[in-house]
Amino acid sequence: MDLLERYLAAVQQELPKEKQQDVTRELKANILDQLDAMQEQAPSLTDEERIHSVLKQLGPPKQMAHQFAPPTPLIPIGLMPLFSYTLAMVFGILFLIQVIQSSLLWLGNENLGLLLMLKHMAGGFVRDATFAFSVITFGFWVIGKEQGSACKSAASWDPAKLPQLAKPWQQIELSDIFIDLATYLFLLLLIWYPVFGQSLASAELSIHSRFLLQAFSPLLLLGIALCAWQLKQRYWTTALLKCNLVLNALLVTAIVILAWASPFYSSVPAQLPWLTTEQLERSITITLLIIALIPGWEVIRDWRRLQQFDN
């Protein structure tokens with residue numbers, strides 16, 4: 001029985017003090033019952049062999065102790081949905097801030113290439129996100145200590161307000177919303193920065209191209225408003241799908257119009273001395289037509305989803 005006592009002592013060390021005696025007593029009785037049953041089934045085995053076999057099946061002492069007293073998580077289960085949502089929102093906001101800061105830095109510094117701008121943005125986001133994660137986790141840990149695992153909002157929720165999510169694609173991911181927001185904000189900065197600052201990358205744009213870009217800015221503002229609606233709704237409805245379809249159709253139209261609005265540049269930028277004006281114009285046209293495929297695909301996707309709602 002020495003092996004059994006050693007096992008019980010090891011389990012006891014992994015348990016809270018208030019549960020040690022009760023759990024050890026219950027576990028010992030359970031093991032003795034299994035030993036008695038095994039003695040009837042395999043009488044040829046010695047006591048030590050039977051104990052070793054039973055303990056082997058039960059698993060390590062730490063694993064056994066966690067079955068009787070599961071470890072307390074850092075963030076209580078009741079607060080975990082709010083914790084995850086808070087992290088996603090904060091990370092999304094930090095991502096938008098980094099996009100804006102890095103874009104302004106790139107537009108205002110002719111010596112900063114696109115790759116360096118992306119590196120600056122990624123490094124700043126990782127630094128800020130790490131700090132935010134530490135602060136938020138500590139804050140929720142403190143709240144969990146004060147409130148325990150009970151979440152106050154759990155008692156006040158109304159089943160009648162549950163959304164009708166009949167389709168698996170109706171849930172909107174926060175990452176998709178913030179990527180769209182970052183794209184719209186970046187394009188707005190790219191279009192309007194020359195009005196407030198100097199940027200060699202945009203100084204060579206023709207007046208016609210710049211006018212068209214600025215005329216299409218309301219579509220980007222509508223996109224930002226639609227992202228705000230998605231943040232509030234968090235799932236696709238018929239009205240939200242129709243608005244998204246119309247916005248993407250308008251974006252496709254605007255991009256196609258811009259693709260054929262030559263000339264884009266009044267002259268070849270100094271950074272591209274190896275390109276002729278014709279080659280640059282053709283490259284921009286092809287690039288814009290490829291970009292138009294993205295909202296074009298979303299138009300088709302949303303149209304099919306609307307048909308599923310009708311069915």
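Values in this document were obtained by computation on a predicted structure and should not be read as measured data. Throughout, residue positions are numbered sequentially from 1 according to the sequence presented.
- Inspection of the Q308 and W169 side chains reveals an N or O donor paired with an N or O acceptor under 3.5 Å.
- Summarising the geometry, atom CD belonging to E48 is positioned 12.5 Å from atom OG belonging to S53; distances are rounded to the nearest 0.5 Å.
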Legend entry - Test side-chain contact (heavy atoms from CB on, under 4.5 Å) applied to I257 and F216, step by step: CA-CA 10 Å; I257 291 174; F216 295 148; 4.2 Å; yes
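- Remark: side-chain polar atoms of T137 are paired, donor with acceptor, to backbone N or O of F133 under 3.5 angstrom.
- Using a 4.5 Å cut-off on side-chain heavy atoms (C-beta onward), W260 and L289 make contact.
- Annotation for H66: atom NE2 counts as buried by contact number, over 12 foreign heavy atoms lying within 6.0 Å.
- In the hydrophobic clustering of this structure, M38 groups with L32; members are Ile, Leu, Val, Met, Phe, Trp, Tyr whose side-chain heavy atoms approach within less than 4.5 Å, directly or through other members.
- Contacts of R25 classified as salt bridge (Lys or Arg N to Asp or Glu O under 4.0 Å), with partners at least two apart in sequence or in another chain: D22.
- The hydrophobic cluster analysis finds W297 isolated: no Ile, Leu, Val, Met, Phe, Trp or Tyr side chain comes under 4.5 Å of it, directly or through other members.
- Rounded to the nearest 0.5 angstrom, F91 CZ and T86 OG1 are separated by 10.5 Å.
- Residues I93 and F178 come closest through the heavy atom pair N-CE2, 3.9 Å.
- In this structure, CG on L288 lies 5.0 Å from CG on L258, to the nearest 0.5 angstrom.
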Show me the donor-acceptor pairs, under 3.5 Å and distance only, between side chains in residues 118-128 and residues at least two apart or in other chains.
residue	atom	partner	partner atom	Å
H120	ND1	S102	OG	3.1
D128	OD2	Q98	NE2	2.9

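- Contact of the Y7 side chain with the L58 side chain is registered, since non-hydrogen atoms from C-beta on lie closer than 4.5 Å.
- I179 and L188 are not part of a single hydrophobic cluster, where members link through side-chain heavy atoms under 4.5 Å apart.
- Here the straight-line distance linking atom CG of D36 with atom CZ of R50 works out to 9.0 Å at 0.5 Å rounding.
- Neither V135 nor F95 shares a network with the other; the hydrophobic side chains, linked directly or stepwise wherever heavy atoms of I, L, V, M, F, W or Y lie under 4.5 Å apart, form separate groups for each.
- By the rule that hydrophobic residues join a cluster once side-chain heavy atoms approach within less than 4.5 Å of another member, I291 and V256 end up as members of separate clusters.
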Show me the donor-acceptor pairs, under 3.5 Å and distance only, between side chains in residues 220-233 and residues at least two apart or in other chains.
residue	atom	partner	partner atom	Å
Q233	NE2	Y235	OH	3.0

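- The hydrophobic clustering, which links ILVMFWY residues whose side-chain heavy atoms are closer than 4.5 Å, places F131 and I136 apart.
- Annotation: the span from I255 atom CD1 to L212 atom CG amounts to 13.0 Å, rounded to 0.5 Å.
- The side-chain heavy atoms of L240 and I172, taken from C-beta on, include a pair separated by under 4.5 Å.
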What side-chain donor-acceptor pairs closer than 3.5 Å can you find for residues 8-20, not counting sequence neighbours?
residue	atom	partner	partner atom	Å
Q20	NE2	Q12	O	3.1
Q20	NE2	L15	O	3.2

Donor-acceptor pairs under 3.5 angstrom involving side-chain atoms of residues 246-254: please list them, not counting sequence neighbours.
residue	atom	partner	partner atom	Å
N248	ND2	N244	O	2.9
N248	ND2	E298	OE1	3.1
T253	OG1	A249	O	3.0

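- Rounding to the nearest 0.5 Å gives a distance of 6.5 Å between CG of L306 and OG1 of T238.
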Legend entry - Criterion side-chain contact (heavy atoms from CB on, under 4.5 Å) on V99 and T183, from CA distance to verdict: CA-CA 9 Å; V99 169; T183 302; over 6 Å; no
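- Closest approach of L94 to A132, counting heavy atoms only: CD1-CB, 3.8 Å.
- Around the CD atom of E26, the shell of radius 6.0 Å holds no more than 12 heavy atoms that belong to other residues, nucleotides or ligands.
- Within a 6.0 Å sphere centred on CD of Q21, other residues, nucleotides and ligands contribute 12 heavy atoms or fewer.
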